[in-house]
Amino acid sequence: MQVKAPRGTYDILPPDSSKWHYLEKILRETAALFGYREIRTPVFEHTELFERGVGESTDIVNKEMYTFIDKSERSLTLRPEGTASCARALVEHSLYNGLLPVKWYYIGPMFRYDRPETGRFRQFHQFGVEAFGSNSPYIDAEVIILLVEILNKLGLKNYELHLNSVGCSVCRKEYREKLISYITPVKDRLCPDCRSRYQKNPLRVLDCKNEACHQAIAGYPTIYDSLCDECREHYASVRKALDDNGVSYKHDDNLVRGLDYYTNTAFEVHIPGIGAQSAVGGGGRYNGLVKECGGPDVPGIGFALGMERLLLALDNFDDLNKRMTDVFVAVMEGQYEDIGVKILTDLRRAGIRADKDYTGKSPKAQMKYADKLGAKLVILLGEDEVKNRFLTVRNMKTKEQVKVGHDEIIDFIKRELEVS
RNA sequence: GUGGAUGUAGCUCAGUUGGUCAGAGCACCAGAUUGUGGCUCUGGGGGUCGUGGGUUCGAGUCCCAUCAUCCACCCCA
């Protein structure tokens, strides 16, 4: 029996891989434009990092982590997200002592043991940015503007940006209590999930999609109304900055994030029509995370984008890499293959994309192959050429063929490629 | 983790109530006057019908299990 890729994983093959290159290029370029530089962290970390950083009450930590014991009895976990690793690296290298803010982006695979479906995989890819060391609402806005800029560059127009504030540790705690006492009397009307979690994480009840839960808690106190003055001001400033910079969003009282580390600003981006998993990105401020990771009280904010989901939304993508090669060397008689290889190497060393056949194809089949590779020119090499010391260059578009000496071939090809 | 649908050549799919049912299109390969492409025509290779059991004289077609994909729930990116 043959071995297949594990459940929830998949291969990225050409030509799809060029879609990924295209997406990655836009992500990297836009991040750089905003002053974010790449950080690469390990794919696995100590399990404890995620338990503490992401939060023990979260689904991610509770049931979705790929955790294993290595040969030295360490408990390690394949990273389910990128922010905790960034916070860890910031602390480990004491970068909070240096020039602030620290602005990073990351891109790579994440792992979550979840039930696969369209737009949801067990190994999936995220692009994310993190900014540490500033509590300014303007950097909240910067991060959101960056996110929107990426979507714009990708030509994704129908996204919906939801925004909320979940408050600081003080007002959030107060709000939590308020919410629990509001829910407790009606807890019997909640769905089983909510009934079991409202004590530990009452905010989750707010974004439960069960209609019964919504009705049960109708008229609930919003987070917004419970924000302390400072948090309210912060949120107002973020909103004003977004307004000033032409970013449209929707304030959403029900938006709470699934990870424990979020504080204040929280946001999510949805693109309708790409399946049930329509959230392509989300993020927010996490002012307690660095401290939780053993560092000083350094604020942070960031977001992550699900790359698979972006690609789902990017269906109208044109194959950019259809032309694989510019020049094809067709060797008409096998005995001259060594000469063909030398010409090929010369072309490549001159920076010209060139290729040849290696499967013993007939001249006709080689022409067909050259056509499929998108070659603009074909260099023909047969008995006539070898005996009379020249090369035949065929222009695939005009079908014109000219004789060119070996010495001039590179220059000739370069000129031809320039005009075509 | 719960419920449901599906699983036939590389790809998209046909395959009636179980008995020439192993097929089509695309892709691939080879020919159509001997050194030449994109169109057309002809021919060809390729599948133990997801896997493993079972029922039957006989199963791609029925039953069970298992794996995988997809949908809803859940969750998030």
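Per chain, numbering begins at 1; letters A, B, ... match sequence-line order.
- Between the side chain of A/Y113 and the main chain of A/T67, no donor-acceptor pair closer than 3.5 Å is present.
- Cation-pi geometry between A/K356 and A/Y358 is met: under 6.0 angstrom from the ring centre, within 45 degrees of the axis.
- Spacing between atom CD1 of A/I379 and atom C1' of B/G37 amounts to 16 Å, rounded to whole angstrom units.
- With hydrogens and angles ignored, the 3.5 Å screen pairs a side-chain donor or acceptor of A/S181 with a backbone N or O of A/K178.
- Relative to the side chain of A/K368, the nucleotides B/C76, B/G37, B/C71 differ in distance, and B/G37 lies closest.
- Atoms CE (A/M307) and C1' (B/C76) sit 17 Å apart, rounded to a whole Å.
- You'll find that the side chain of A/Q126 is closest to B/A77, out of B/A77, B/G35, B/G4.
- With rounding to whole Å, A/L255 atom CG is found 14 Å from B/A77 atom C1'.
- Contacts of A/G119 with the nucleic acid, taken as non-hydrogen atoms under 4.0 Å apart, include base atoms.
- Remark: A/K368 NZ is loosely packed, at most 12 non-hydrogen atoms of other residues, nucleotides or ligands lying under 6.0 Å away.
- The CD atom of A/Q277 sits 7 Å away from the C1' atom of B/C75 (whole-angstrom rounding).
- Computed from coordinates, the A/Y262 OH to B/C76 C1' distance equals 10 Å when rounded to whole Å.
- In this structure, CD of A/E268 is placed 7 Å from P of B/A77, rounded to the nearest angstrom.
- The side chain of A/D59 sits closest to B/C75 out of B/C75, B/C76, B/G35.
- With B/A77, B/G35, B/C76 as the candidates, the nucleotide lying closest to the side chain of A/A304 is B/A77.
- In the set B/A32, B/C76, B/G50, the nucleotide with an atom closest to the side chain of A/A279 is B/C76.
- Looking at A/R172, its side chain never comes within 3.5 Å of a backbone N or O of A/N264 through a donor-acceptor pair.
- Distances from the side chain of A/M396 to the nucleotides B/G37, B/U36, B/C71 place B/G37 closest.
- Residue A/S362 places no side-chain N or O under 4.0 Å from the OP1 or OP2 atom of B/U36.
- The closest donor-acceptor contact from the side chain of A/R176 to the backbone of A/P202 lies at 3.5 Å or more, if one exists at all.
- With hydrogens and angles left out, the side-chain atoms of A/E130 and A/T83 include a donor and acceptor closer than 3.5 Å.
- Look at A/R7 and you'll find a side-chain N or O under 4.0 angstrom from OP1 or OP2 of B/U69.
- Taking atom C1' in both B/U55 and B/C63, one finds a spacing of 7 Å when rounded to whole Å.
- We find that the ring of A/Y369 and the base of B/G37 do not stack by the test of centres under 5.5 angstrom and planes tilted less than 30°.
- Ion pairing between a basic and an acidic side chain is recognised when a charged N comes within 4.0 Å of a carboxylate O; A/E38 and A/R28 show such pairing.
- The A/K372 side chain lies nearest to B/C28 when the options are B/C28, B/A30, B/G37.
- The phosphate of B/C74 (OP1 or OP2) has no side-chain N or O of A/K63 nearer than 4.0 angstrom.
- To the nearest whole angstrom, the two C1' atoms, one in B/C62 and one in B/U17, are 12 Å apart.
- Within the nucleic acid shown, A/G8 comes within 4.0 Å of sugar-phosphate atoms alone, with no base atom in reach, counting heavy atoms only.
- Below the 3.5 angstrom threshold, one finds a donor paired with an acceptor across the side chain of A/R120 and the base of B/C75.
- Taking the side chain of A/P116 as heavy atoms from C-beta on, and the options B/C29, B/U69, B/C75, the nearest nucleotide is B/U69.
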Completion exercise
With sugar-phosphate taken as primed atoms, P, OP1 and OP2 and all else as base, the protein-contact string of nucleotides 39-47 of chain B at under 4.0 Å (heavy atoms; B, S, -) is ---------
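- Look at the P atom in both B/A5 and B/G10: the space between them is 28 Å, to the nearest Å.
- To the nearest whole angstrom, the two C1' atoms, one in B/G46 and one in B/C28, are 9 Å apart.
- Two residues, A/P363 and A/R115, neighbour RNA chain B, and the one matched to the more 5' nucleotide by heavy-atom proximity is A/R115.
- Straight-line distance from the CG atom of A/D371 to the P atom of B/G37: 10 Å, rounded to whole Å.
- Atom NZ of A/K291 has 12 or fewer neighbouring heavy atoms from other residues, nucleotides or ligands inside a 6.0 Å radius.
- Nucleic acid contact class of A/E64 (heavy atoms, under 4.0 Å, all strands): sugar-phosphate only.
- For RNA chain B, if you chain together Watson-Crick or G-U pairs that step i with j, i+1 with j-1 and so on, the runs of at least three with distances under 3.5 Å are B:1-7 with B:67-73, B:10-13 with B:23-26, B:28-32 with B:40-44, B:50-54 with B:62-66.
- Minimum atom distance to the side chain of A/A276 is reached by B/A72, of the listed B/G35, B/A72, B/G37.
- At a threshold of 4.0 angstrom between heavy atoms, the contacts of A/F328 with the nucleic acid are absent.
- The 5' end of RNA chain B is approached more closely, in terms of each residue's nearest nucleotide, by A/K361 than by the other of A/V280 and A/K361.
- By the 6.0 Å contact criterion, CZ on A/F68 is enclosed, its count of non-hydrogen atoms from other residues, nucleotides or ligands being greater than 12.
- Comparing the P positions of B/A22 and B/G60 gives an interatomic distance of 10 Å, to the nearest angstrom.
- For A/H46, the NE2 atom counts as loosely surrounded, since its 6.0 Å shell holds 12 or fewer non-hydrogen atoms of other residues, nucleotides or ligands.
- Across the protein-nucleic acid pair, A/K4 atom NZ and B/U66 atom P stand 17 Å apart, rounded to whole Å.
- At a threshold of 4.0 angstrom between heavy atoms, the contacts of A/E81 with the nucleic acid are absent.
- Relative to the side chain of A/E117, the nucleotides B/A30, B/G50, B/A72 differ in distance, and B/A72 lies closest.
- The 12-atom threshold is exceeded at CZ of A/F34, counting heavy atoms of other residues, nucleotides or ligands nearer than 6.0 Å.
- Remark: the A/K399 side chain and the B/G38 base include a donor-acceptor N/O pair separated by less than 3.5 Å.
- Nucleotides B/U66 and B/G23 are separated by 34 Å at their P atoms, to the nearest Å.
- Look at the C1' atom in both B/C29 and B/C67: the space between them is 34 Å, to the nearest Å.
- Look at A/D114 and A/R7 and you find no salt bridge, because none of the NZ, NE, NH1 or NH2 atoms lies under 4.0 Å from a carboxylate O.
- Of the C1' atoms belonging to B/G7 and B/U51, the separation is 11 Å, rounded to the nearest Å.
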